[in-house]
Amino acid sequence: MATEIPVRSEGDVVVVAPEGELDAVTSPGLADVLDRLLAADPPWRGVVIDLSRVGFCDSRCIGVLVSAYRQARDEGVGLAVAAPQRSVLRLFVIAGIDQVLRIEEDTGHAVETVLA
């Protein structure tokens with residue numbers, strides 16, 4: 001069953017705010033949303049993925065985020081992750097993607113980061 005992922009704009013930046021768990025079942029929905037947003041014409045200046053309401057993230061989620069990072073980079077769009085919960089941030093650190101993705105403490109900082 002597909003879950004609607006909230007999306008809102010803040011000027012030239014779009015904020016994607018999934019909730020719950022991002023796993024093999026739910027991560028493809030996030031991938032679809034990100035693919036659509038990163039292919040927008042005209043493009044967004046930045047995309048922020050607000051993970052403040054995500055309590056669990058697995059390797060499939062990490063793959064979606066890395067793929068979105070590459071697509072954003074290739075399109076010249078800033079991309080950042082905002083406010084991951086402690087368990088999610090720990091997974092990012094263990095996987096080493098905190099060295100690739102911009103991870104900010106809150107959505108406001110993430111919006112500023114992608115516009116810089």
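What you see is a predicted model; the values in this text were computed from it and never measured.
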Rounded at 0.5 Å granularity, tell me how far [atom1] in [X] sits from [atom2] in [Y].
X: Leu22; Y: Ser59; atom1: CG; atom2: OG; answer: 12.0 Å
X: Asp23; Y: Cys61; atom1: CG; atom2: SG; answer: 9.0 Å
X: Tyr69; Y: Ile97; atom1: OH; atom2: CD1; answer: 11.5 Å
X: Leu38; Y: Gln71; atom1: CG; atom2: CD; answer: 4.5 Å
X: Leu34; Y: Ile49; atom1: CG; atom2: CD1; answer: 4.5 Å

Connected via hydrophobic side-chain network under 4.5 Å: [X] and [Y]:
X: Val93; Y: Val64; value: yes
X: Val66; Y: Leu79; value: yes
X: Leu101; Y: Val14; value: yes

Can you give me the closest heavy-atom contact between [X] and [Y], atom names plus distance?
X: Val48; Y: Ala110; value: CG1-CB, 3.6 Å
X: Asp58; Y: Ser27; value: OD1-OG, 4.4 Å
X: Pro6; Y: Glu19; value: CG-OE2, 4.2 Å
X: Ile5; Y: Ala17; value: CG2-C, 4.1 Å
X: Ser9; Y: Trp44; value: CB-CH2, 3.6 Å
X: Gly78; Y: Val114; value: C-CG1, 3.7 Å

Any non-hydrogen side-chain atom of [X] less than 4.5 Å from a side-chain atom of [Y]?
X: Leu65; Y: Val100; value: no
X: Leu51; Y: Pro18; value: yes
X: Phe92; Y: Ile103; value: yes
X: Thr107; Y: Arg8; value: yes

Step by step, would you call Glu4 with Val33 a side chain to side chain contact (heavy atoms under 4.5 Å, CB included)? CA-CA 9 Å; Glu4 188 68 28; Val33 169; over 6 Å; no
Run the side chain to side chain contact (heavy atoms under 4.5 Å, CB included) check on Leu37 and Val7 step by step: do they pass? CA-CA 10 Å; Leu37 293 171; Val7 176; 4.2 Å; yes
Dump the intermediate steps for side chain to side chain contact (heavy atoms under 4.5 Å, CB included) on Val15 and Val47, then the final yes or no. CA-CA 6 Å; Val15 178; Val47 174; over 6 Å; no
Can any side-chain N or O of Thr26 pair as donor or acceptor with the backbone N or O of Glu21 at less than 3.5 Å?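 Yes, the answer is positive, given that a donor and an acceptor are paired below the 3.5 Å cut-off.
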Sequence neighbours excluded, every pair satisfying salt bridge (Lys or Arg N to Asp or Glu O under 4.0 Å) that has a member inside residues 35-47: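 For residues 35-47, and leaving out neighbouring residues, the salt bridge (Lys or Arg N to Asp or Glu O under 4.0 Å) pairs sorted by first residue read Asp12-Arg45.
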Got a sec, which pairs hit side chain to side chain donor-acceptor pair (under 3.5 Å) with one end in residues 87-106, sequence neighbours left out?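 Found Glu104-Thr113, Asp106-His109.
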